[in-house]
Enquirer: 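Shown below is the structure under consideration.
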Amino acid sequence: MDSSYDHAFEIPTVDDYQRLRVAAGLTPRSKEAAGAGLPNTVVAVVVRHVGRAVGMGRAIGDGLFYQIVDIAVEPQHQGQGLGKTIVSNLMEGLRRVAPAEAYVSLIADGEANKLYAQYGFIPTAPASIGMSQWIGR
């Protein structure tokens, strides 16, 4: 990450959250859903370029289990190491707040598993598989 970028431990604004999810190809979220979910963030990182949010990531959890979510970088800023900055800072933040026996999981889309493996994440299959369900769709 070059010096034109900076990052901070902070929760993205609802507008930045919505914009970055769409820009990165993640499922869009409504203003109401984002407004309800973002305050439940345990650790978050926002990366800015010339003051504008261009990347983000969050960790949510309850003290025993945590999940890494919302890793998003605008396409024009990908390939600059921003994803690495986000994940490494999220893990740093979790190590400060989570107990030693905390379980941290995530869902790796596409080739993102290569990024996450650099931070100690390993596939759970075949012992377990990720499962999901949309409520209200």
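Note that the structure is predicted; figures quoted are calculated from it, not measured.
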Enquirer: Is there a side-chain contact between I86 and V47 in this structure, where contact means two heavy atoms from C-beta onward sitting under 4.5 Å apart?
Expert: yes
Enquirer: Which other residues end up in the same hydrophobic cluster as W134, if Ile, Leu, Val, Met, Phe, Trp and Tyr are linked when side-chain heavy atoms come under 4.5 Å apart?
Expert: none
Enquirer: Let me check something: do Y119 and L82 share a hydrophobic cluster, defined by ILVMFWY side-chain heavy atoms less than 4.5 Å apart, either directly or through other members?
Expert: yes
Enquirer: Go through the structure and list residues passing salt bridge (charged side-chain N to carboxylate O under 4.0 Å, His left out) with K84, not counting sequence neighbours.
Expert: none
Enquirer: Mind checking what makes side chain to side chain donor-acceptor pair (under 3.5 Å) contact with Q133, not counting sequence neighbours?
Expert: none
Enquirer: So, using side chain to side chain contact (heavy atoms under 4.5 Å, CB included) as the criterion, who are the partners of T124 when residues are at least two apart?
Expert: Y103, S128
Enquirer: What pairs with Q67 under side chain to side chain donor-acceptor pair (under 3.5 Å), at least two apart in sequence or on another chain?
Expert: none
Enquirer: Does CD1 in I122 sit with more than 12 non-hydrogen atoms of other residues, nucleotides or ligands closer than 6.0 Å?
Expert: no
Enquirer: So, for N113 and G110, which heavy atoms are closest and what is the spacing to 0.1 Å?
Expert: OD1-O, 3.3 Å
Enquirer: From Y116 OH over to I107 CD1, what is the distance, rounded to the nearest 0.5 angstrom?
Expert: 10.0 Å
Enquirer: Kindly state each residue pair satisfying salt bridge (charged side-chain N to carboxylate O under 4.0 Å, His left out) with at least one member in residues 74-83, sequence neighbours excluded.
Expert: R19-E74, R52-E74
Enquirer: Which residue pairs satisfy the ring pair (Phe, Tyr, Trp, His ring centres under 6.0 Å) criterion with at least one member in residues 55-92, sequence neighbours excluded?
Expert: Y5-H77, H49-H77
Enquirer: Looking only at heavy atoms, what is the nearest atom pair of V73 and G83, with distance?
Expert: CG2-N, 4.2 Å
Enquirer: Which atom names give the shortest non-hydrogen contact between L26 and A72, and what distance separates them?
Expert: CD1-CB, 4.0 Å
Enquirer: Under 3.5 Å, which donor-acceptor pairs link side chains of residues 32-46 to any protein atom two or more places apart or in another chain?
Expert:
unit_1: N40; atom_1: ND2; unit_2: A36; atom_2: O; d: 3.1
unit_1: T41; atom_1: OG1; unit_2: L38; atom_2: O; d: 2.6
unit_1: T41; atom_1: OG1; unit_2: R58; atom_2: NH1; d: 2.6

Enquirer: Taking only residues at least two apart or on different chains, which pairs with a member in residues 18-42 satisfy ring pair (Phe, Tyr, Trp, His ring centres under 6.0 Å)?
Expert: none
Enquirer: Using side chain to side chain contact (heavy atoms under 4.5 Å, CB included) as the criterion, list what pairs up with D15, not counting sequence neighbours.
Expert: T13, Q18, K31
Enquirer: Indicate if V54 and L90 have the same hydrophobic cluster label, given that clusters are the connected sets of ILVMFWY residues with side-chain heavy-atom separations under 4.5 angstrom.
Expert: yes
Enquirer: Between V69 and I71, is there a shared hydrophobic cluster once you connect ILVMFWY residues whose side-chain heavy atoms come closer than 4.5 Å?
Expert: no
Enquirer: To the closest 0.5 Å, what do you measure between CG (D70) and CD1 (I60)?
Expert: 8.0 Å
Enquirer: Do the non-hydrogen side-chain atoms of D16 and M56 ever get within less than 4.5 Å of each other?
Expert: no
Enquirer: Tell me, please, which residues at least two apart from D2 pass side chain to side chain donor-acceptor pair (under 3.5 Å).
Expert: S4
Enquirer: Which heavy atom in F121 sits nearest to a heavy atom in V104, and how many Å separate them?
Expert: CE2-O, 3.6 Å
Enquirer: Under 3.5 Å, which donor-acceptor pairs link side chains of residues 91-102 to any protein atom two or more places apart or in another chain?
Expert:
unit_1: E92; atom_1: OE2; unit_2: R96; atom_2: NH1; d: 2.9

